[in-house]
Amino acid sequence: MHLLRLVQNAVRKALAGMTDDVEPYAAMVKATQDAKHGDYQANAAMSLAKALGKNPRDVAQQIAERLDLGDWLDKPEVAGPGFINLRLRGEWLAKQLRTTARDERLGVGAAENPGVYVVDFSGPNVAKPMHVGHLRSTIIGDSLCRLLRFLGHTVVGDNHLGDWGTQFGMLLWGYKNILDKDAFAKDAVRELARVYVEVRRKTQGTEEDDKAGDPIAEASRQETAKLHAGDPENVRLWKEFMPHCLEELQPIYQRLDVRFDHQLGESFYNPMLAEVVRDLEAKGIARKSEGAVAIFYGEDAPPSLIQKRDGGFTYTTTDLATIKHRMDTWKPTALLYVVDSRQALHFSNLFDAAKRWGYNGVALEHIKFGSVLGPDGKAIKTRDGGAVELGSLLDEAFTEARKVVVAAINQSPTTDSTVAFSESEIDQIAEAVGIGAVKYADLSQNRTSDYIFRWSKMLAMNGNTGAYMQYAYARNCSILRKAGVSIERFRTDPPAIHLDSPHERALALQILRFEEALAAAVADYQPSGITTYLWDLAKTYSGFFQNCSVLKAESPELRESRLLLCDLTARVIQLCLGLLGIRTVERM
RNA sequence: GCCCCCGUAGCUCAGCUGGAUAGAGCAGCGGAUUUCUAAUCCGCCGGUCGCAGGUUCGAAUCCUGCCGGGGGUACCA
């Protein structure tokens with residue numbers, strides 16, 4: 001039930017015959033900001049009147065009169081300079097809601113034109129611990145995959161691992177020089193992680209600026225070069241390390257509940273790079289310059305190198321090979337890259353090059369996002385200036401959430417705790433709330449802006465937070481449990497809905513806006529569209545809950561009706577959180 | 001130098017394909033309510049939407065310039 005589209009269609013029909021160029025005017029329909037202006041407003045009259053040289057209120061009146069109200073619209077009102085205020089009929093809303101209740105998908109239709117989306121996200125460098133830098137890509141990418149999939153598209157989630165980079169040089173040097181063989185035999189993953197951290201520590205400070213001076217950094221670089229040159233020993237070790245490196249990532253992905261369809265890293269494309277360069281040169285897209293091979297974009301724009309003077313390839317080469325492979329393999333309609341905004345120039349160039357290479361029939365999108373900042377507003381760091389590891393961040397999320405959960409349970413005498421919370425249940429709740437808080441805080445942010453990472457904000461029980469939504473869900477579950485009704489019956493033979501109070505009506509409308517919200521979210525690849533909707537739903541529900549007694553409703557019919565509203569609200573919340581990759585708990 | 005992004009309430013952020021008095025949470029102040037989970041709700045306070053022009057019936061939203069902050073910019077990825 002895409003309400004907005006429904007209203008737009010009606011307005012479009014009414015406009016037909018009034019102008020030749022209906023579409024832009026039909027698009028001027030939007031949800032009202034204030035309920036006193038109805039549910040939707042059509043704003044076409046003002047600009048149309050201008051174009052026709054007529055009085056805007058007259059034009060508005062004319063559109064209003066031509067509207068086919070059917071059984072679902074109240075008589076429209078013309079207001080102000082020429083706004084047309086539209087209000088949906090209560091009986092119709094009630095009817096739609098019963099249909100929604102019977103639907104697994106809660107009224108959301110499958111995409112009319114299903115596409116194939118390859119989503120490139122997460123992309124950590126293996127052989128070193130994941131850190132906050134990977135958080136946003138992982139969370140946002142996962143959510144977009146879930147959303148696209150739910151809307152009926154084919155989704156290929158691909159983790160483009162950094163598995164061929166300089167970190168392996170450090171690991172190789174470490175393996176050869178400081179490995180604890182017993183520890184490696186016992187727990188290879190752990191020992192390799194230790195070795196990496198140790199080598200990194202030894203070269204610390206020389207990492208960014210003055211690498212050349214450090215002997216270990218230099219030795220590591222040579223190990224990398226040998227690996228890339230095909231040195232049998234290093235290639236053998238690389239192959240031995242890789243499974244351990246992948247295994248090391250798993251606990252994080254498991255906790256985040258993130259899965260990939262493929263994990264084709266840089267190494268996978270390595271054998272294809274020479275051919276890519278040859279082809280681009282042959283087609284005149286790339287040419288030799290200053291000893292390297294480069295693709296140029298314009299007079300004063302810097303080029304991107306696809307082969308360095310020393311013969312090595314760059315990430316542009318790999319990315320081009322990746323595009324080719326993805327196009328050949330999955331024939332996608334869109335390639336989405338969920339990557340930090342700072343790579344905007346790279347992607348803009350990459351897409352330009354890909355199009356010239358012949359990949360025109362695919363949407364190439366850089367789904368960019370801002371940085372995670374510390375409380376000081378600067379890039380987030382640990383106390384000693386290092387990168388915050390994702391593992392410890394998630395541990396902290398659990399610990400912080402557990403404090404909040406325990407405090408809440410203890411101070412809330414009426415918590416639905418006829419059965420006491422066991423320690424393990426509290427752990428489970430804390431994990432769901434903690435991880436959910438991190439995800440929700442991230443996803444509720446406008447993707448493109450930076451945000452400041454704060455536990456107090458993320459775990460707040462008021463406001464637009466994951467915990468609040470999870471709580472709203474749990475509260476609903478509690479009511480339905482107490483009511484002792486059959487949820488099954490609600491979903492197969494739902495009771496009649498009564499929308500007598502404005503709070504009930506508002507809630508009904510908000511539930512039916514679900515599809516509209518998802519459409520808006522997917523249109524610009526913004527998961528925050530879902531959280532904004534959720535937050536509105538939660539506020540509307542809160543108004544309902546405050547003013548309409550459910551269990552003690554005035555009549556059995558009203559009780560049933562309100563219980564169904566509760567069940568629907570809970571289902572929408574659960575589904576939305578699910579699309580964000582956030583778990584719900586039955587009670588908390 | 002050139003390019004990109006950002007600048008909205010004390011703080012953190014929405015809103016940005018132009019629309020009716022600019023919204024939320026936190027903080028501050030004041031209330032409700034012995035609750036269907038108070039992990040609640042309501043009200044008040046608080047903004048020249050960085051500045052200056054322009055386009056428009058209408059601009060936080062579009063355009064230009066300036067100021068301030070961040071990022072990127074041929075051999076890392």
Side-chain angles (χ1 to χ4, degrees), chain A residues 24 27-28 30 32-34 36-37 41 43 46-47 49-50 56 79-83 85 123 125 162 164-166 211 266 289-294 296 300-310 312-316 318-319 340-346 348 368 370-371 373 377-379 404-405 407-409 411-417 433 444-446 448-452 454 456-457 459-465 467-468 470-472 474-480 482-483 523-524 528 531-532 535-536 539 542-543 545-553 559 562-563 566 587-588:
Chain A
M28 293 178 193
K30 53 188 296 181
T32 55
Q33 221 171 352
D34 191 325
K36 77 182 177 205
H37 297 134
Q41 55 178 301
N43 298 339
M46 280 87 81
S47 35
K50 183 82 179 172
F83 296 107
N85 293 335
N125 291 318
W164 197 243
T166 50
K211 293 188 195 181
E266 293 165 352
S289 170
E290 298 178 27
V293 182
F296 288 83
D300 29 42
S304 23
L305 300 192
I306 55 171
Q307 187 160 24
K308 300 184 283 184
R309 207 172 341 200
D310 67 6
F313 303 106
T314 70
Y315 71 141
T316 302
T318 308
D319 282 351
D340 195 300
S341 316
R342 281 174 295 200
Q343 300 210 28
L345 179 60
H346 166 65
S348 143
K368 59 189 84 151
S371 309
L373 308 176
K378 295 185 176 157
V404 174
V405 169
I409 288 174
Q411 74 156 63
S412 181
T414 53
T415 292
D416 180 20
S417 54
V433 170
S444 60
Q445 203 73 207
N446 181 324
T448 54
S449 43
D450 298 346
Y451 76 93
I452 294 183
R454 266 198 193 119
S456 61
K457 188 188 172 185
L459 285 163
M461 286 304 153
N462 280 334
N464 192 9
T465 67
Y468 181 85
Q470 287 167 320
Y471 174 63
R475 201 159 66 159
N476 246 322
C477 289
S478 167
I479 292 170
L480 291 162
K482 280 190 182 161
D524 43 11
S528 65
T531 63
T532 302
W535 175 229
D536 286 338
K539 280 187 290 191
S542 176
F545 186 78
Q546 208 68 211
N547 293 283
C548 306
S549 186
V550 179
L551 295 179
K552 294 170 202 154
R559 184 174 187 268
R562 288 177 178 170
L563 280 168
C566 288
R587 60 177 197 152
M588 58 189 282

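The analysis underlying the following values was restricted to heavy atoms, covering all of them including side chains, and did not include hydrogens, waters or symmetry mates. Since we're looking at a predicted model, the values are computed, not measured. Here is the naming used below: chain letters follow the sequence lines, and residue numbers restart at 1 for every chain.
- Atom name C1', nucleotides B:C42 and B:A59: the rounded distance is 33 Å, in whole Å.
- Listed by chain and number, the residues in a side chain to side chain contact (heavy atoms under 4.5 Å, CB included) with A:N85 are A:H37, A:Q41, A:E77, A:A79, A:F83 (sequence neighbours excluded).
- Using a 4.0 Å heavy-atom cutoff across all strands shown, A:A49 reaches no nucleic acid atom at all.
- Protein atom CG of A:L459 is 12 Å distant from nucleotide atom C1' of B:A39, rounded to whole Å.
- Across all non-hydrogen atoms, the minimal contact from A:T448 to A:S341 is O-OG, 4.5 Å.
- Pair check for B:G68 finds B:C6; Watson-Crick or G-U wobble, both atom distances under 3.5 Å.
- Atom CG of A:N464 sits about 9.0 Å away from atom NZ of A:K457, to the nearest 0.5 Å.
- For A:Y471, the listed nucleotide lying nearest its side chain is B:U37; candidates were B:C36, B:U37, B:A74.
- OP1 or OP2 of B:C36 lies within a sub-4.0 Å distance of a side-chain N or O belonging to A:K552.
- For B:C36, there is no paired nucleotide, since no Watson-Crick or G-U wobble pair has both relevant distances below 3.5 Å.
- The residue A:K36 sits close to a base: some heavy atom pair falls under 4.0 Å.
- Listed pair A:Q33 / B:A20 meets the phosphate criterion, a side-chain N or O lying under 4.0 Å from OP1 or OP2.
- B:G1: Watson-Crick or G-U partner is B:U73, with both key distances under 3.5 Å.
- Between the P atoms of B:G54 and B:G15, the separation comes to 29 Å (whole Å).
- Looking at the side chain of A:E290, the nearest of the listed nucleotides B:C11, B:A77, B:C75 is B:C75.
- Nucleotides B:C66 and B:C13 have their P atoms positioned 28 Å apart, rounded to a whole Å.
- As judged by a 4.0 angstrom heavy-atom cut-off over every strand, A:S341 is placed among residues making no nucleic acid contact.
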Let me have a per-nucleotide readout for nucleotides 25-31 of chain B, 5' to 3', with B, S or -, counting only protein heavy atoms under 4.0 Å.
-> SS-----
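- Side-chain contact annotation: A:T32 with A:D34, donor-acceptor N/O pair under 3.5 Å absent.
- If you check every strand for non-hydrogen atoms under 4.0 Å, A:P302 touches sugar and phosphate atoms only.
- When heavy atoms are screened at a 4.0 angstrom cut-off, A:R342 is found touching the sugar-phosphate backbone but no base atom.
- Out of B:C76, B:U12, B:A39, the shortest distance to the side chain of A:I452 is found at B:U12.
- Checked against B:U12, B:G15, B:U37, the side chain of A:R587 finds its nearest nucleotide in B:U37.
- By the 5.5 angstrom centroid cut-off and the 30-degree plane limit, A:Y315 is classified as not stacked against the base of B:C76.
- A:T465 and A:A460 get closest at one heavy-atom pair: OG1-O, 2.7 Å.
- For A:M588, the listed nucleotide lying nearest its side chain is B:A39; candidates were B:G19, B:U37, B:A39.
- In this structure, B:C41 and B:G31 make a Watson-Crick or G-U wobble pair, each of the two defining distances being under 3.5 angstrom.
- Straight-line distance from the CG atom of A:L551 to the P atom of B:U35: 14 Å, rounded to whole Å.
- Comparing the same atom, C1', in B:C62 and in B:C16 gives a spacing of 10 Å after rounding to whole Å.
- Nearest-nucleotide positions on RNA chain B for A:D34 and A:A292 put A:D34 closer to the 5' end.
- One can place CG of A:D340 at 11 Å from C1' of B:G72, the figure rounded to the nearest angstrom.
- For A:S449, a side-chain nitrogen or oxygen approaches OP1 or OP2 of B:A14 to under 4.0 Å.
- Nearest nucleotide to the side chain of A:F83, out of B:U37, B:A20, B:U73: B:A20.
- Remark: B:U55 base-pairs with no nucleotide in the shown strands. Criterion, Watson-Crick or G-U wobble with two distances under 3.5 Å.
- Among the nucleotides B:A39, B:G19, B:U73, the one closest to the side chain of A:L345 is B:U73.
- Atom NZ of A:K308 is separated from atom P of B:C75 by 10 Å (rounded to the nearest Å).
- Residue A:A294 is classed as a base contact, given a heavy-atom separation below 4.0 Å to a base.
- The two residues A:D310 and A:G312 come nearest to each other via the heavy atoms OD1-N, 2.8 Å.
- Going from atom NZ of A:K30 over to atom P of B:U61 covers 14 Å, rounded to whole Å.
- Atom SG of A:C548 sits about 15.0 Å away from atom CZ of A:R559, to the nearest 0.5 Å.
- Of the C1' atoms belonging to B:A22 and B:U48, the separation is 13 Å, rounded to the nearest Å.
- Of all nucleotides listed (B:A74, B:C36, B:G72), B:A74 comes nearest to the side chain of A:L305.
- Each of A:K368 and A:N547 lies near RNA chain B, and the nucleotide nearest A:K368 is the one positioned closer to the 5' end.
- At least one side-chain heavy atom of A:L563 sits less than 4.5 Å from a side-chain heavy atom of A:L480.
- Counting any heavy atom pair closer than 4.0 Å across all strands shown, A:F296 reaches a base atom.
- Heavy atoms of A:H37 sit under 4.0 angstrom from at least one base atom.
- OP1 or OP2 of B:A14 has at least one side-chain nitrogen or oxygen of A:Q445 nearer than 4.0 Å.
- Look at the P atom in both B:C41 and B:C3: the space between them is 49 Å, to the nearest Å.
- Inter-residue side-chain proximity for A:M588 and A:V433 is flagged as met; some heavy-atom pair is nearer than 4.5 Å.
- For the P atoms, the distance linking B:A74 with B:U21 amounts to 49 Å, nearest Å.
- A sub-4.0 Å separation between OP1 or OP2 of B:C41 and a side-chain N or O of A:S542 is present.
- Side-chain atoms of A:S444 never come within 3.5 Å of backbone atoms of A:T531 as a donor-acceptor pair (strictly under, hydrogens ignored).
- The side chain of A:F545 lies closest to B:C36 when the candidates are B:C36, B:U21, B:A77.
- Rounded to a whole Å, the CD atom of A:Q546 is 11 Å from the P atom of B:G43.
- We find the CZ-CD1 distance between A:R562 and A:I479 to be 11.5 Å, quoted to the nearest 0.5 Å.
- Separation of the C1' atoms belonging to B:C45 and B:C26 is 14 Å when rounded to the nearest angstrom.
- We find that CG of A:D450 is positioned 16 Å from C1' of B:A14, with the value rounded to whole Å.
- Using cut-offs of 30° and 60° on the angle between ring planes, the pair A:H346 and A:Y315 is parallel.
- Atom CG of A:L373 and atom C1' of B:C5 are 13 Å apart (whole Å).
- When each of B:A39, B:A20, B:A74 is scored by its nearest atom to the side-chain atoms of A:S289, the top-ranked nucleotide is B:A74.
- Side-chain N/O atoms of A:Y468 include one lying less than 4.0 angstrom from OP1 or OP2 on B:C41.
- Under the Watson-Crick or G-U wobble criterion, with both distances below 3.5 Å, B:G47 is left unpaired in every strand shown.
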